[in-house]
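A short write-up of the structure that comes next.
Order of the sequence lines fixes the chain letters, A, B, ..., with proteins taken first and strands second; residue numbering starts at 1 for each chain.
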Amino acid sequence: MNTTQNLCKTLLQNPSSVKSKSQAKQLHAQILRTSLPSPSLLSTILSIYSNLNLLHDSLLIFNSLPSPPTTLAWKSIIRCYTSHGLFLHSLSFFIQMLASGKYPDHNVFPSVLKSCTLMKDLRFGESVHGCIIRLGMGFDLYTCNALMNMYSKFWSLEEGGVQRFCDSKMLGGIPEPREIGKCSNSHDLPCELDERVAGIDQNGDLNQMSNILYQVNTYKKVFDEGKTSDVYSKKEKESYYLGSLRKVFEMMPKRDIVSWNTVISGNAQNGMHEDALMMVREMGNADLRPDSFTLSSVLPIFAEYVNLLKGKEIHGYAIRNGYDADVFIGSSLIDMYAKCTRVDDSCRVFYMLPQHDGISWNSIIAGCVQNGMFDEGLKFFQQMLIAKIKPNHVSFSSIMPACAHLTTLHLGKQLHGYIIRSRFDGNVFIASALVDMYAKCGNIRTARWIFDKMELYDMVSWTAMIMGYALHGHAYDAISLFKRMEVEGVKPNYVAFMAVLTACSHAGLVDEAWKYFNSMTQDYRIIPGLEHYAAVADLLGRVGRLEEAYEFISDMHIEPTGSVWSTLLAACRVHKNIELAEKVSKKLFTVDPQNIGAYVLLSNIYSAAGRWKDARKLRIAMRDKGMKKKPACSWIEIKNKVHAFVAGDKSHPYYDRINEALKVLLEQMEREGYVLDTTEVLHDVEEEQKRYLLCSHSERLAITFGIISTPAGTTIRVTKNLRVCVDCHTATKFISKIVGREIVVRDNSRFHHFKDGKCSCGDFW
DNA sequence: ATAGGGTTAG
């Protein structure tokens with residue numbers, strides 16, 4: 001007897017005191033040296049390896065054990081598989097353990113239930129629950145906590161989807177529904193199980209095993225009469241899972257903080273916010289104080305309700321209890337402040353955190369982007385890469401809208417490359433964001449190409465594509481996609497109707513627009529919002545039904561904003577209706593007296609009609625109010641460089657060449673039949689001067705620059721910041737015909753495709 | 001055994 005042996009003995013009596021891999025190896029070696037270890041001694045070593053999460057070492061021992069393995073050996077290997085994410089193996093070993101005649105005890109169920117939960121295998125999980133009840137483990141604290149976790153996760157699963165792992169490509173094939181209750185009253189495991197399981201390969205079809213276990217453990221009859229869970233409605237599912245969760249919770253003889261946190265987070269994540277908050281209070285009555293887990297379950301509720309006051313209260317509580325350095329709490333706080341539009345506070349919380357993980361980076365990036373701070377979002381994304389945190393699918397879907405809004409196609413393409421290399425291109429969120437980005441950057445064909453390659457569509461991906469077509473004036477493509485979406489059983493929402501109505505308005509489809517507007521309110525019971533009204537009003541204005549548009553806006557059930565009246569005012573300009581324009585402006589100035597655009601528009605309308613006095617009066621009024629119009633500007637991106645032009649701009653280094661080319665172009669255009677429409681010129685000047693003003697429009701400068709600096713045949717993409725200008729529109733059609741190229745002009749988020757002398761919008765701007 | 005982040009918006 002020496003000290004080493006004594007040490008070994010103490011360690012073996014208290015296996016959890018072995019804290020490192022090297023210590024465990026030493027102990028193992030020592031035992032092998034002194035004697036031929038017994039199976040139980042080896043099992044103890046195995047449990048030590050398994051506690052340290054050493055799967056490989058655990059398996060080496062397990063495979064060397066004489067058969068049958070001990071309960072401890074089974075338990076250890078099952079736990080180790082689960083914590084390595086090898087759920088199929090874990091469950092397979094659990095079945096084999098039952099088959100070998102060993103009874104599972106209370107500390108094997110948490111691992112098994114975790115595997116069922118993460119594999120989303122509802123049926124297996126419920127069978128295990130049956131097994132637990134039968135073995136009298138229904139009162140074990142840890143087991144019950146794991147059960148509640150399982151039900152809360154199943155409850156959160158997407159609608160239409162109690163998704164079984166065997167539905168996935170991994171195993172293929174959906175099992176036939178089996179009969180329930182073959183060996184109902186037996187308290188013994190049926191002996192034929194042994195033989196049946198023996199034939200199953202370890203890596204094999206758990207589906208088959210699942211069915212065996214399912215038939216064996218039928219104490220808990222879940223759903224009635226062979227109806228599988230997949231056909232249950234959301235409501236039924238909710239009441240069922242909530243019921244199971246609460247039943248387990250209520251039956252527990254003793255509840256700890258984990259039990260409370262599990263039931264609180266389950267309710268919180270499934271929209272039962274009031275219940276969740278009530279339970280936090282109840283928890284206090286049970287003498288348990290909310291911990292960091294409780295807080296990060298509750299914070300998202302206040303983020304969703306945009307309740308800054310309550311959110312701050314929680315922040316205070318977190319600081320007082322020393323939880324403010326916790327990354328979980330930090331991410332929730334960043335998100336909460338961002339949802340309350342307090343991005344500055346989000347940043348403060350972010351910088352206060354001692355370290356950042358992927359999720360806290362994602363939270364701050366999403367916080368910036370969702371609040372329109374795109375450059376800041378991109379900056380954080382860059383810093384994340386510098387910090388060597390690998391962006392995941394959430395990072396990409398958060399950052400992509402920044403590229404879409406900034407129309408930085410080159411950045412979007414770079415990210416797309418990164419996405420493909422990281423194998424995230426199959427993700428619905430990312431694919432939808434990509435569709436949107438390409439559409440907003442003017443590449444509608446690439447957007448469609450990505451859309452067609454998607455394997456699965458949700459409402460957002462349909463909407464992104466429909467909106468893309470709407471913005472590009474491809475109304476019939478938009479409408480046919482909308483119909484396809486409805487046929488495929490996807491229910492359009494508020495945004496989807498915005499998209500289809502925008503498409504109608506862009507192409508002047510009045511009847512279709514009414515059809516969808518009525519379908520929205522009547523079939524889908526969606527209350528029309530400002531955007532829907534704006535789209536319809538805009539449409540009526542575009543096609544010249546101005547009075548009707550005026551009535552429509554006046555009859556809205558919500559107060560029309562300045563922007564709704566503005567669209568009508570713009571239409572009044574196009575259709576040259578001065579009386580109505582004055583009436584509309586009056587309304588506009590009352591709701592939005594600071595609207596510079598309204599003054600400019602009305603003044604332009606007066607100018608176009610030759611009422612220079614009225615126009616001047618308005619300009620003077622603007623000047624007196626200190627309002628200054630920003631000069632309209634157009635820009636074109638060539639070789640990743642942005643070239644901007646304002647009307648009459650001579651500062652571009654190639655100005656002379658541009659001017660030269662423009663002159664030649666104009667001559668050709670006039671030979672083709674183009675006539676300058678000088679009535680649209682807004683200044684009281686000579687005809688020749690008008691001509692000059694029109695031809696030096698920023699848009700024409702930008703297009704001409706595109707023609708001289710890109711190879712023949714390339715599409716020219718220009719972004720302009722002008723209000724609708726009839727002459728520009730006509731001119732661009734001529735230019736497209738002469739140079740034989742497609743010209744894409746983006747104006748106020750709307751794209752016009754000019755080709756062969758025609759425009760995609762059919763002149764319903 | 002329990003917790004945090006994501007796509008569409010004239």
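Taking only side-chain nitrogens and oxygens, A/Lys254 never comes nearer than 4.0 Å to OP1 or OP2 of B/dA1. Between A/Lys440 and B/dA9 there is a side-chain polar atom (N or O) within less than 4.0 angstrom of OP1 or OP2. Residue A/Gln269 places at least one side-chain N or O closer than 4.0 Å to OP1 or OP2 of B/dG4. Phosphate contact (OP1/OP2 of B/dG6, side-chain N/O of A/Lys339, threshold under 4.0 Å): present.
When side chains are defined from C-beta on, A/His752 counts as touching A/His506, because their heavy atoms get closer than 4.5 Å. Considering only heavy atoms from C-beta on, A/Ser346 comes within 4.5 Å of A/Ile364 through its side chain. Using a 4.5 Å cut-off on side-chain heavy atoms (C-beta onward), A/Phe751 and A/Val745 make no contact.
The side chain of A/Pro300 has B/dG4 as its nearest neighbour among B/dG10, B/dG4, B/dT2. Nearest to the side-chain atoms of A/Lys153 among the listed nucleotides B/dG6, B/dT2, B/dA3 stands B/dA3. Side-chain atoms of A/Asp256 lie closest to B/dA1 of the nucleotides B/dG6, B/dA1, B/dG10. Residue A/Met498 places its side chain closer to B/dA9 than to any other of B/dG6, B/dT8, B/dA9. Checking B/dA9, B/dG4, B/dT2 against every side-chain atom of A/Ser332, the shortest atom distance belongs to B/dG4. Comparing atom distances between the A/Ser296 side chain and each of B/dA3, B/dG6, B/dG10 picks out B/dA3 as nearest. The A/Glu531 side chain lies nearest to B/dG10 when the options are B/dG10, B/dA3, B/dT7.
Within 3.5 Å, no donor on the side chain of A/Thr262 pairs with an acceptor on the base of B/dT2, nor the reverse. For a distance-only test at 3.5 Å, the side chain of A/Asn427 qualifies as a donor-acceptor partner of the base of B/dG6. No donor-acceptor contact under 3.5 Å links the side chain of A/Asp326 to the base of B/dG4. For A/Thr502 against B/dG10, no side-chain N or O and base N or O form a donor-acceptor pair under 3.5 Å.
Residue-level contact check: A/Ser363 touches the backbone only, with heavy atoms under 4.0 Å from sugar-phosphate atoms and none from bases. Counting non-hydrogen atoms under 4.0 angstrom, A/Asp291 reaches nothing in the nucleic acid. Contacts of A/Ser398 with the nucleic acid, taken as non-hydrogen atoms under 4.0 Å apart, involve only primed sugar atoms and P, OP1 or OP2. Residue contacts for A/Ala366: at a heavy-atom cut-off of 4.0 Å it reaches the sugar-phosphate backbone alone, with no base atom in range. Note on A/Val327: a base of the nucleic acid sits closer than 4.0 angstrom, heavy atoms only.
Taking the ring centroids of A/Phe424 and A/Tyr418, they lie at or beyond the 6.0 Å cut-off. Aromatic pair A/Phe451/A/Tyr457: ring centres closer than 6.0 Å. The distance between the ring centers of A/His532 and A/Phe497 does not fall below 6.0 angstrom. Ring pair A/Phe249/A/Trp260: centre-to-centre distance below 6.0 Å.
Rounded to whole Å, the distance from CZ on A/Phe424 to C1' on B/dT7 is 15 Å. Whole-Å rounding puts the A/Trp361 CH2 to B/dG6 P distance at 17 Å. If you measure from atom NE2 of A/His393 to atom C1' of B/dG6, you get 8 Å, rounded to the nearest angstrom. For A/Ile359 and B/dG4, the CD1 to P distance is 8 Å, given to the nearest whole Å. Summarising the geometry, the separation between CG on A/Asn270 and P on B/dT2 is reported as 16 Å, rounded to the nearest angstrom. For the pair A/Asp538 CG and B/dG10 C1', the interatomic distance rounds to 7 Å; values are reported in whole Å. Rounded to an integer number of Å, the gap from CE of A/Met556 to P of B/dG10 is 15 Å. Rounded to whole Å, atom P of B/dA9 lies 16 Å from atom CD1 of A/Ile526.
Taking A/Lys312 as the reference, nothing meets the side-chain hydrogen bond (donor to acceptor under 3.5 Å, both in side chains) condition, with sequence neighbours excluded.
Contacts with DNA chain B (heavy atom under 4.0 Å) in residues 139-149 of chain A: A/Tyr142, A/Asn145, A/Asn149, listed by number.
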Result block: side-chain N/O donor-acceptor pairs under 3.5 angstrom for residues 461-470 of chain A, not counting sequence neighbours:
unit_1	atom_1	unit_2	atom_2	d
A/Ser461	OG	A/Asp458	N	2.8
A/Ser461	OG	A/Asp458	O	2.8
A/Ser461	OG	A/Asp458	OD1	3.0
A/Thr463	OG1	A/Met459	O	2.7
A/Tyr469	OH	A/Arg448	NH1	3.2

